[in-house]
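One-based numbering, in listed order, for ligands and for the atoms of each.
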Amino acid sequence: MKSIPKIFLKSIVLLLVLCILTGCSRQPVSYTATDIAMGTVLNQTVYTTGEDETGNITELVRSLERDTLSWRVSDSEIAGLNASQAGIPMSLSEELWEDLLLLQEVSKQSGGAFDFTLGTLTGLWNIDAQAQSDHEEIRIPTEEEIARALENSGYDKVLLKDGCITLEGGIQLDLGAAGKGIACDRIGDYLKGTNITGAVISVGGSVITYGGKPDGSPWQVGIVNPEDTSRLLGTFSLTGEWYISTSGDYERYIEVDGIRYHHILDPTSGYPAQSNLRSVTVIAKSGALSDALSTACFVLGQEEGMALAAYFNAETVFVDKEGNLYLSEGIKDIFRQTAE
Ligand code: ADP
Ligand code: MG
């Protein structure tokens with residue numbers, strides 16, 4: 001047999017050396033970051049063969065809030081729609097159009113338990129601001145105020161057609177119940193165009209897992225214990241791209257005369273939802289869906305909520321006031337309860 005010419009051998013060795021030096025067999029490096037964005041904590045653990053992208057991801061979430069979702073920032077897309085004249089079709093950015101179509105579907109399927117047109121009612125309660133501030137005097141709205149706010153809400157008073165939205169008079173959009181999940185969706189889209197090989201990123205109560213860890217072990221995503229938020233009730237083991245959102249009565253609330261008024265409102269009554277639940281966690285293939293469903297399920301309660309999530313192929317964990325856990329069938333194998 002003829003021996004391999006020396007010149008070929010030399011070039012192979014040279015190629016190998018170059019490959020090692022230029023990093024073509026580079027192992028992913030991990031970066032972590034904790035920032036405030038969208039009025040909540042943004043936590044990132046990212047594995048990449050490229051640059052540290054955590055700063056870009058933080059900016060992505062902040063700009064989503066500033067330019068699109070916030071009803072407080074006057075030049076955001078939502079604030080613009082809320083200030084627009086009723087009855088006139090307004091064109092939407094492509095991404096917001098897609099999000100609103102999904103949110104309207106969740107509103108419909110949940111019978112309005114989730115409703116993205118509650119801006120007047122949530123503004124009236126103003127629980128987020130009241131819960132954060134020591135200075136503002138706590139005030140519970142009157143029944144008349146609540147009734148009036150409910151008259152000015154309803155997902156069926158919104159028309160989505162040909163990339164445009166038309167609002168009936170008095171309607172104010174509030175995407176607060178899906179905003180953090182939408183942020184996770186945008187992060188997921190962004191990650192696909194980078195050298196990031198794996199990430200777990202949380203925006204408040206919404207989490208995205210993406211890709212894998214270098215050692216191949218699954219991501220661990222915990223559920224907070226509503227009785228003691230410094231502890232976990234249990235953890236999910238997940239691999240690949242998933243979106244997990246939790247809604248709970250312990251997140252933002254005010255207490256008046258021993259009664260807890262939390263930030264998830266029942267659009268039927270106009271008051272904080274009374275469904276005997278402490279929290280609902282939803283796992284789905286989209287962040288907007290998992291976030292909207294976690295709110296809807298909290299309002300609907302365990303039985304109806306579980307059926308709604310199943311309709312959207314999402315998995316759920318319900319925690320009731322007695323501390324009981326209810327898991328949907330599809331996640332029983334990937335959930336591990338914390339030992340007492
Ligand atoms: P968090 O914002 O703490 O993650 P949620 O995702 O459950 O919690 O969203 C709660 C927010 O959504 C409220 O602060 C309010 O702005 C809005 N909201 C409250 N009740 C509803 C509801 N039934 N449907 C849609 N949005 C709601
Ligand atoms: Mg939600």
Side-chain angles (χ1 to χ4, degrees), residues 37-42 61 65 69-72 78 82 99-100 102-132 141 146 149-150 153-156 158 171-185 202-207 223-224 226 229 243-254 261-275 277-284 286-301 304-305 308-309 312 314 316 318:
M38 275 193 152
T40 189
V41 182
L42 169 64
V61 177
E65 164 81 338
L69 296 181
S70 178
W71 46 265
R72 291 189 193 90
I78 289 293
N82 283 343
D99 290 330
L100 289 179
L102 174 69
L103 297 186
Q104 197 172 45
E105 185 57 18
V106 177
S107 300
K108 235 184 245 170
Q109 295 301 333
S110 68
F114 169 87
D115 191 323
F116 63 105
T117 67
L118 291 183
T120 308
L121 184 69
T122 55
L124 178 65
W125 279 94
N126 204 16
I127 287 177
D128 288 7
Q130 296 208 65
Q132 277 167 7
I146 290 174
L150 284 177
S153 69
Y155 66 92
D156 51 348
V158 171
I171 292 291
Q172 294 284 294
L173 304 175
D174 173 2
L175 268 53
K180 290 156 197 152
I182 292 173
C184 290
D185 284 334
S202 62
V203 188
S206 289
V207 183
I223 297 188
V224 165
T229 53
Y243 295 84
I244 307 102
S245 291
T246 299
S247 288
D249 70 354
Y250 55 88
E251 287 173 39
R252 290 172 200 208
Y253 61 90
I254 50 179
Y261 296 91
H262 59 77
H263 70 319
I264 303 168
L265 303 174
D266 183 343
T268 314
S269 66
Y271 283 83
Q274 302 280 345
S275 53
L277 294 174
R278 297 298 319 270
S279 78
V280 182
T281 300
V282 177
I283 304 184
S286 134
L289 182 63
S290 71
D291 202 357
L293 281 178
S294 71
T295 306
C297 289
F298 191 97
V299 173
L300 287 174
E304 274 188 75
L308 175 73
F312 285 101
T316 43
F318 291 77

Considering only protein heavy atoms, which is closest to [atom], and at what distance to one decimal place?
| atom | value |
| --- | --- |
| atom 27 (C) of ligand 1 | Ala177 CB, 3.9 Å |
| atom 20 (N) of ligand 1 | Leu265 N, 2.9 Å |
| atom 3 (O) of ligand 1 | Glu251 OE1, 2.7 Å |
| atom 2 (O) of ligand 1 | Lys180 NZ, 3.0 Å |
| atom 10 (C) of ligand 1 | His263 CD2, 3.6 Å |
| atom 16 (O) of ligand 1 | Asp174 OD2, 2.7 Å |
| atom 25 (C) of ligand 1 | Asp115 O, 3.0 Å |
| atom 5 (P) of ligand 1 | Thr295 OG1, 3.5 Å |

Give a yes/no verdict on whether any heavy atom in Gly205 is under 4.0 Å from an atom of ligand 1. no

Closer than 4.0 angstrom: is that true for some heavy atom of Phe116 and an atom of ligand 1? no

[X] versus [Y], closest heavy-atom pair with distance:
| X | Y | result |
| --- | --- | --- |
| Ser245 | Ser290 | OG-OG, 3.0 Å |
| Val207 | Ser202 | CG2-CB, 3.8 Å |
| Leu103 | Ala178 | CD2-CB, 3.8 Å |

For Arg278, the salt bridge (Lys or Arg N to Asp or Glu O under 4.0 Å) test, sequence neighbours excluded, returns Glu227, Asp249

So, using side-chain hydrogen bond (donor to acceptor under 3.5 Å, both in side chains) as the criterion, who are the partners of Asp99 when residues are at least two apart? Arg186

Set of side-chain hydrogen bond (donor to acceptor under 3.5 Å, both in side chains) partners for Thr122, sequence neighbours left out: Asp174

Once you restrict to heavy atoms under 4.0 Å, what part of Ala113 touches ligand 1? Side chain, backbone, both or neither. backbone

For ligand 1, is any non-hydrogen atom under 4.0 Å from Leu118's backbone (N, CA, C, O), its side chain (CB onward), both, or neither? side chain

Between His262 and Phe298, is the ring centre distance below 6.0 Å? yes

Ser294 versus ligand 1: do any nitrogen or oxygen atoms come within less than 3.5 Å of each other? no

Cut-off under 2.8 Å, centre the Mg ion (ligand 2), protein N/O/S atoms: Ala177 O, Asp291 O, Asp291 OD1, Thr295 OG1

